[in-house]
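Scroll down for the structure; my scribbles are underneath it.
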Amino acid sequence: MAQEKQPQRKKIESTGRMMKIMSEYFYDLNAAAESPDRKVAWCTSVGPAELLRAMGFAVHFPENHAAMLGATRMATELIPEANTIGYSPDICSYLTADIGAHLKGISPLARAYPGIEAPPRPDVLVYNTNQCRDVQDWFSWYAREFNVPCIGITSPKNFTDVSEILVDDVSRQIEALIPTLEEVSGQPLDMARLRETVALSRECTELWRQVLETAMAVPAPLTFFDGTIHMGPAVVLRGTRQAVDYYRQLLAELQQRIADGSGAVDDELYRIYWEGMPVWGRLRQHSELFARLNVSVLVSTYCSSWIFPDFDPEEPIRSMARAYLGLFIVRSDTYKEQYIKQMLEKFHIDGIIYHDAKTCPCNSNSRYGMPQRLERETGIPSLVISGDLNDLRCVSDEQTVTNVEAFIEQLEERKDHA
Amino acid sequence: MTRPVFIGLDMGASRTKVVAIDDQGTLLGHAVKKSGIDFAATAAICLDDALAGAGAGRSDIAAAMATGYGRSNVAFVTSRSKTEISCHARGCFHSFPEALTIIDIGGQDNKIIKLDAAGRRQGFKMNRKCAAGTGAFLEEMSARLDIPLEEMNNLARRATEMIKIGSYCTVFSATEVLESIRHGKPVADIIKGIFYSMIQRVLEMDSLTEKVVLCGGVVAHNPYLVEMTEEMIGRPVLLPEYPQLTGAIGAALFAREEAGKR
């Protein structure tokens with residue numbers, strides 16, 4: 001029998017350092033929740049984290065917690081808990097998994113970090129609907145549960161250009177958050193500290209961009225699956241020195257890989273762009289599936305969404321507004337298609353895989369004809385796979401494998417005919 | 001070795017198909033059996049039957065390739081497996097060497113595959129994780145109506161009217177069918193509606209190019225589906241001589257090509 005080749009996944013050495021700073025972050029959050037002198041804010045992942053940090057809040061990101069529920073495959077058992085209290089299985093499975101975990105009183109943090117039992121109790125919840133409406137519903141549920149204020153930014157959506165009118169709107173909304181946050185934190189906003197935080201966020205995301213752009217090298221030194229793990233600090237420690245220092249180390253390691261000609265996947269034959277969310281509970285399987293086929297899934301919209309070139313310490317609030325509006329997910333298809341086309345060229349891409357996540361319409365860009373339009377314009381073939389970010393009831397492993405293998409066979413045919 | 005044969009095995013979720021072809025691509029023998037739960041054993045029985053049909057033995061096998069759902073469960077292959085998408089495409093293009101849209105209706109899933117005039121794949125779609133439009137849908141309806149699968153084709157053909165099924169979902173469709181039975185609708189008309197619904201679900205998956213090929217076991221056993229498809233798309237449909245075997249034939253053709261390269 002013809003033997004299937006065993007996958008080779010190369011370990012990133014900096015992972016240990018990342019685990020350490022993530023661990024310190026979670027223990028600090030836990031300490032903040034237990035301290036009478038400190039305040040905890042929950043924030044959406046592209047919410048005004050800079051403002052919260054500058055005002056001294058310890059910041060918890062429920063999306064990060066929900067992704068951990070997915071990656072540990074705890075989510076699918078917890079989602080039904082939220083379903084039973086009226087939160088549909090068709091809505092965001094981050095929301096349903098996270099609320100389900102709270103209802104059941106369990107958390108992956110408790111498994112990973114002895115001494116921590118649950119996410120830190122919030123003093124305030126702060127959202128930005130630039131990602132979707134679900135974050136507002138999610139935070140509102142916790143606001144009722146903990147009887148704490150829930151405030152946020154209602155973002156404009158589906159625009160192509162980030163106009164000054166939109167920046168005015170969001171800037172004013174950010175400013176309107178300040179009185180409540182000052183009241184909860186018990187201290188006034190220090191603009192110098194905000195400038196410093198915005199500067200650190202800018203530095204962090206600039207380094208994160210450089211990390212992701214190492215994948216322009218052939219072979220690519222890191223994959224999308226590596227990126228989903230190593231983006232942790234860019235999400236939860238944006239605006240801190242620890243994140244900046246970490247990405248300097250990671251960048252140096254990846255640059256060394258490039259210098260050594262060492263790819264993340266052995267004998268890289270094809271280069272794939274991943275559009276959409278990861279299937280958190282299948283990261284390893286998907287990583288191994290592609291490695292076995294000598295395919296490097298090396299760049300994604302998802303990981304690149306934490307690059308914010310607009311942060312400017314000279315103009316902190318306005319530049320925060322510009323950064324949060326610049327996010328891919330909140331833009332029109334016209335913008336998204338221009339963005340992806342430029343990425344396809346920059347990263348020398350052979351094919352695109354769209355993940356149509358059942359419960360995440362805003363991150364599923366295959367539903368309004370985009371794959372067909374982009375394929376027509378670029379000639380780069382695409383595949384749509386059905387799945388979900390957290391709810392494994394929506395994932396068919398066999399269908400995913402057959403679809404992916406058939407897609408790579410299609411790329412092989414193209415190469416043979418060329 | 002007396003006469004080299006090339007083996008293609010398509011281990012589907014429902015049926016296992018094995019073909020033996022010669023170096024000219026001519027079909028010498030074939031076998032089809034329920035896949036069951038012991039894939040390796042079913043594959044071995046089908047292999048021996050197909051070889052017997054070809055007047056050959058195992059020592060005559062020059063190359064063998066597996067495809068389909070259970071492609072990794074087969075012991076006697078010599079080439080790395082390929083997906084059923086590639087193999088159906090190869091098998092259909094062998095019969096009709098022109099630009100094609102291939103519709104494969106299988107026991108568990110459906111595929112629409114598009115080829116250009118050189119046989120190069122332009123793209124493909126598989127049904128989402130849902131039984132609508134698959135053989136499994138037909139099996140469920142057969143059980144609900146208590147009518148053997150093999151009688152459904154002739155009954156559908158005898159229909160005078162058609163009871164349309166509105167739902168995507170197999171379970172909801174079954175409820176609609178039961179409702180029609182309760183209202184005393186003729187069974188033949190209900191079955192015609194079931195057939196119509198199956199084709200409709202498949203046609204919704206993708207646009208079609210000029211030449212359309214139908215293949216797969218469901219089509220092989222229900223030729224009325226082919227006539228209905230022609231009516232629905234308004235033009236004739238191409239049908240391979242052995243619609244159920246196109247995947248296995250494709251695998252055998254690939255095995256032959258790979259043997260040629262060695």
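So that the names make sense, note that chain A is the first sequence line, chain B the second, and so on, each numbered from 1. Predicted model only: the values in this text are computed from it and were never measured.
Only the side chain of A:Glu398 comes within less than 4.5 Å of a heavy atom of chain B; its backbone N, CA, C and O stay farther away. With a 4.5 angstrom heavy-atom cutoff, A:Ile385 does not touch chain B via any of its atoms.
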Derivation of the side-chain contact (heavy atoms from CB on, under 4.5 Å) call for B:Arg120 and A:Gln410: CA-CA 8 Å; B:Arg120 188 172 55 178; A:Gln410 181 178 333; over 6 Å; no
Intermediate values then yes/no, side-chain contact (heavy atoms from CB on, under 4.5 Å), A:Phe407 and B:Ile85: CA-CA 9 Å; A:Phe407 186 57; B:Ile85 287 102; over 6 Å; no
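Atom CD of A:Glu345 is surrounded by 12 or fewer heavy atoms from other residues, nucleotides or ligands within 6.0 Å. Summarising the local packing, OH of A:Tyr339 is surrounded by more than 12 heavy atoms from other residues, nucleotides or ligands at distances under 6.0 Å. Heavy atoms from other residues, nucleotides or ligands lying under 6.0 Å from CD of A:Glu77 number 12 at most. Heavy-atom neighbours of B:Lys34 NZ from other residues, nucleotides or ligands within 6.0 Å: at or below the threshold of 12. Around atom NZ of A:Lys157, more than 12 heavy atoms belonging to other residues, nucleotides or ligands sit under 6.0 Å away.
The shortest side-chain heavy-atom distance between A:Val384 and B:Lys125 does not fall under the 4.5 Å cut-off. Two residues are said to be in side-chain contact when any heavy atoms from C-beta on lie closer than 4.5 Å; A:Thr402 and B:Arg71 meet this criterion.
Note: B:Phe124 CZ to A:Glu409 CD = 8.5 Å, rounded to the nearest 0.5 Å. With rounding to the nearest 0.5 angstrom, the CE atom of B:Met126 is 10.0 Å from the OG atom of A:Ser386.
Within residues 352-362 of chain A, the residues that have a heavy atom under 4.5 Å from a heavy atom of chain B are A:Asp356, listed by number.
The minimum heavy-atom distance linking A:Glu413 with B:Ser86 is given by the pair OE2-OG, 4.2 Å.
Partners of B:Thr16 under the side chain to side chain donor-acceptor pair (under 3.5 Å) rule, at least two apart in sequence or in another chain, are B:Ser35.
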Counting only pairs under 3.5 Å, give me each side-chain donor-acceptor contact of residues 94-111 of chain B, with atom names and distances, residues two or more places apart or in other chains.
from: B:Thr101; atom 1: OG1; to: B:Thr209; atom 2: N; distance (Å): 2.9
from: B:Thr101; atom 1: OG1; to: B:Thr209; atom 2: OG1; distance (Å): 2.3
from: B:Asp104; atom 1: OD2; to: B:His88; atom 2: NE2; distance (Å): 3.4
from: B:Asp104; atom 1: OD2; to: B:Lys111; atom 2: NZ; distance (Å): 2.8
from: B:Asp109; atom 1: OD1; to: B:Lys111; atom 2: NZ; distance (Å): 2.8
from: B:Asn110; atom 1: ND2; to: B:Gly133; atom 2: O; distance (Å): 2.8

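Listed by first then second residue, pairs satisfying side chain to side chain donor-acceptor pair (under 3.5 Å) with a partner in residues 369-385 of chain A read A:Asp333-A:Arg373, A:Glu337-A:Arg373, A:Lys341-A:Glu377, A:Glu375-A:Ser382, not counting sequence neighbours.
Defined by atom type and a distance below 3.5 Å, a donor-acceptor pair is missing between the side-chain atoms of B:Thr83 and A:Glu405.
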